[in-house]
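A short worksheet on the structure shown next.
Reckoned from all heavy atoms, side chains included, excluding hydrogens, waters and symmetry mates. Below, read A as the first sequence line, B as the second, and so on, with proteins coming before strands; counting in each chain starts at 1.
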2 protein chains.
Amino acid sequence: METRTLTLDSPLTRKLSAFVALSDSDQETLLHFYRRRRRFQPGHELIHEGQTKASAYILAEGWACSYKLLSDGERQIVDFQIPGDFLGLRSILFRTSDHGIEAITRIEASEVLRSDILDAFAHAPRLATAVLWAASRDEAMVVEHLVNLGRRSAEERMAHFLLELGARLQLVGLGDRTGFDCPLTQYHLADALGLSAVHVNRVLRHMRENGLVTFRNGRVAFDDFARLGDIAGFDMAYLDQEGPRLR
Amino acid sequence: METRTLTLDSPLTRKLSAFVALSDSDQETLLHFYRRRRRFQPGHELIHEGQTKASAYILAEGWACSYKLLSDGERQIVDFQIPGDFLGLRSILFRTSDHGIEAITRIEASEVLRSDILDAFAHAPRLATAVLWAASRDEAMVVEHLVNLGRRSAEERMAHFLLELGARLQLVGLGDRTGFDCPLTQYHLADALGLSAVHVNRVLRHMRENGLVTFRNGRVAFDDFARLGDIAGFDMAYLDQEGPRLR
DNA sequence: CGGTGTGTTGAGTAGACTCAATATGCGTGG
DNA sequence: CCACGCATATTGAGTCTACTCAACACACCG
């Protein structure tokens, strides 16, 4: 029954395989993405907004975030990236990057050149479909984030955000129902949730005092998972990943 | 110099050609997408949130919007679709649709089945790359919308939204520097911008009285394009479409 | 000619913001 | 080992943006 001879257990291979059945040759092509392993310090800007010729990366270790800057100096964090995530895809598909990407912790990542991607698509066409699928799942997360900003109160946003992050981390084995380790500052939360840092602090205090969730010393602890889900209206359907759909 | 014998001038062909040079055979495959022409009344729900087995559509005429509903009955409009736009791609890539799509005006659209897409990707692999490219451009718009909701004031949001819509309509010949015809109600604007309908009304009045823009009787008139762009911090780089990039 | 959808305006409220001061923790250099 | 600086977290006070509720205007349509 087992037709695969290769069992490449990289996070990316696993992620893409969730959408499209990849042949051995497809998987071998993917290997090329892991040739250029890099290491970056916290705060390092991997991709600069407006940069031309940018690379993409596959995150192996640590946290990063993608963001856009506004003319008045404020910033909006679009998404956080955790181990296994692809990062900066749009910045290689387009001439100039429409967003910046910054390391939050010390990170390890494989640099993927524009030519790596395009060659891969040319030699292993199914990869293009697989990447489209993965990119669409990322887009679904951005859309949910957008709903969060547009129609939810500060506390609902926070609840939703922490639950989504928790769910994503669980998928890669970095958290469980009780909580997860989290290197983000309240400024990161503010920039992601469209709030002021001061208000983030107040909201966190309120939620802690109400026995919902405790964010302290780099750890998020879910004190009442069920009630948190109620407040957030958290569905999780959009994070859905199921077995290979295309043979 | 001209290697193409086919000149299929559909909006979608033009859009995809902006990213990837399509062969005659690719373009012929695309033709299959136009077999099932449909017509829908205003308010018709083309895709229901949570629907399984949904189709996608290519919009030929009229306006539509994609949205998500919240448990309390509110809705957040994620994007508006205008002629030439692809609509509901994520709803066929995933088992269940994470968003709804509704006709705003009477519309004409070609229904694209899941199998149409997947067959096309199998027979004309470059199409998968082209669609990935187009989907990424759409994602860039969603990201800019997200920034709008997270970090801009009501007036800035409105300015940015109207300018973006104007720019997109210009690309398909449905508007110019002076303005464009717009079938949206103030409720649509409210649901898109994360504001209450009452506040949308006030903001529009304020902008009209300040000689910025006039939205009346189904027409948006830019009274001071430059100042509007200043207020919005409108860049337009993310809408960028240039000649074929991949041969 | 009344009903329904849309737009308009006023009055009062509340959630989130800004400014400002004060902790707390950590790394570096003396 | 202590002192200092810097980043982050916390709390208070006052303000403002955008919201809710409510009333009314206008147009289109059956």
Side-chain angles (χ1 to χ4, degrees), chain A residues 41-44 63 65 70 72-77 102-106 148-159 161 181-210 213-221 231, chain B residues 41-43 63 65 70 72-77 102-106 148-159 161 182-210 213-221 231:
Chain A
Q41 292 306 307
H44 178 81
W63 291 46
C65 67
L70 283 86
D72 61 359
E74 289 204 288
R75 86 171 168 177
Q76 174 66 49
I77 290 178
E102 173 183 300
I104 292 173
T105 64
R106 201 161 69 78
N148 225 6
L149 295 181
R151 284 294 176 212
R152 285 196 256 256
S153 71
E155 187 163 318
E156 291 166 344
R157 281 184 218 181
M158 183 67 76
F161 172 77
D181 292 328
C182 179
L184 304 179
T185 67
Q186 295 184 350
Y187 291 92
H188 285 122
L189 296 179
D191 284 346
L193 299 178
L195 302 170
S196 71
V198 172
H199 200 54
V200 163
N201 185 282
R202 286 188 228 279
V203 168
L204 284 175
R205 170 158 59 117
H206 186 253
M207 295 177 88
R208 190 192 327 128
E209 289 170 354
N210 276 59
V213 64
T214 306
F215 187 176
R216 279 245 160 113
N217 305 319
R219 169 105 196 148
V220 172
I231 287 173
Chain B
Q41 292 306 308
W63 292 46
C65 67
L70 284 86
D72 63 359
E74 288 204 286
R75 87 170 167 176
Q76 174 66 49
I77 291 179
E102 172 184 300
I104 291 173
T105 64
R106 201 161 70 77
N148 225 5
L149 296 181
R151 284 294 176 213
R152 285 197 256 254
S153 71
E155 187 164 317
E156 291 166 343
R157 280 183 220 181
M158 182 66 75
F161 172 77
C182 179
L184 304 179
T185 67
Q186 296 184 349
Y187 292 92
H188 285 122
L189 296 180
D191 284 346
L193 299 178
L195 302 170
S196 71
V198 171
H199 199 55
V200 164
N201 184 284
R202 286 188 228 279
V203 169
L204 284 175
R205 169 158 61 116
H206 186 253
M207 296 176 88
R208 189 188 331 125
E209 289 171 354
N210 276 59
V213 64
T214 307
F215 187 176
R216 278 250 162 110
N217 305 318
R219 171 104 196 145
V220 172
I231 288 172

Of the candidate nucleotides [options], which contains the atom at the shortest distance from the side chain of [X]?
X	options	value
B:His199	C:dG10, D:dC19, C:dC17	D:dC19
B:Val198	C:dG10, C:dG7, C:dA16	C:dG10
A:Arg216	C:dG10, D:dT10, D:dA18	D:dT10

Are the side chain of B:Arg151 and the backbone N or O of A:Leu195 linked by a donor-acceptor pair below 3.5 Å?
->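 Here the side-chain-to-backbone pair exists.
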Backbone of A:Arg157 reached by a side-chain donor or acceptor of A:Arg152 within 3.5 Å =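 No, the answer is negative, given that no donor and acceptor are paired below the 3.5 Å cut-off.
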Let me know the distance between [atom1] of [X] and [atom2] of [N], rounded to the nearest Å.
X	N	atom1	atom2	answer
A:Glu155	C:dA14	CD	P	17 Å
A:Arg208	D:dA9	CZ	C1'	10 Å
B:Asn217	C:dG5	CG	P	20 Å
B:Leu184	C:dT6	CG	C1'	13 Å
B:Leu195	D:dT20	CG	C1'	14 Å

For a quick test of reading the model: is some side-chain N or O of [X] closer than 4.0 Å to OP1 or OP2 of [N]?
X	N	value
A:Gln186	D:dA7	no
A:Asn201	D:dT10	yes
B:Arg157	D:dT17	no

Do [X] and [Y] have side chains that get closer than 4.5 Å, going by heavy atoms?
X	Y	result
A:Leu189	A:Leu204	yes
B:Leu184	B:Phe161	yes
B:Gln76	A:Asn148	no

Whichever of B:Ala197 and A:Ala197 has its nearest DNA chain C nucleotide further upstream toward 5' | B:Ala197
Along DNA chain D (nearest heavy atom to each residue), the more 5'-positioned of A:Tyr187 and A:Arg151 =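 Here A:Tyr187 is the residue nearer the 5' end.
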Considering every strand and a 4.0 Å limit on heavy-atom distances, what is the contact class for [X]: base, sugar-phosphate, or nothing?
X	value
B:Val203	nothing
B:Gly194	sugar-phosphate
A:Ser196	base
A:Gly218	nothing

Look at the side chain of A:Arg202 and the base of C:dG15, then say whether one donor and one acceptor between them are separated by less than 3.5 Å.
->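 Such a pair does not exist between side chain and base.
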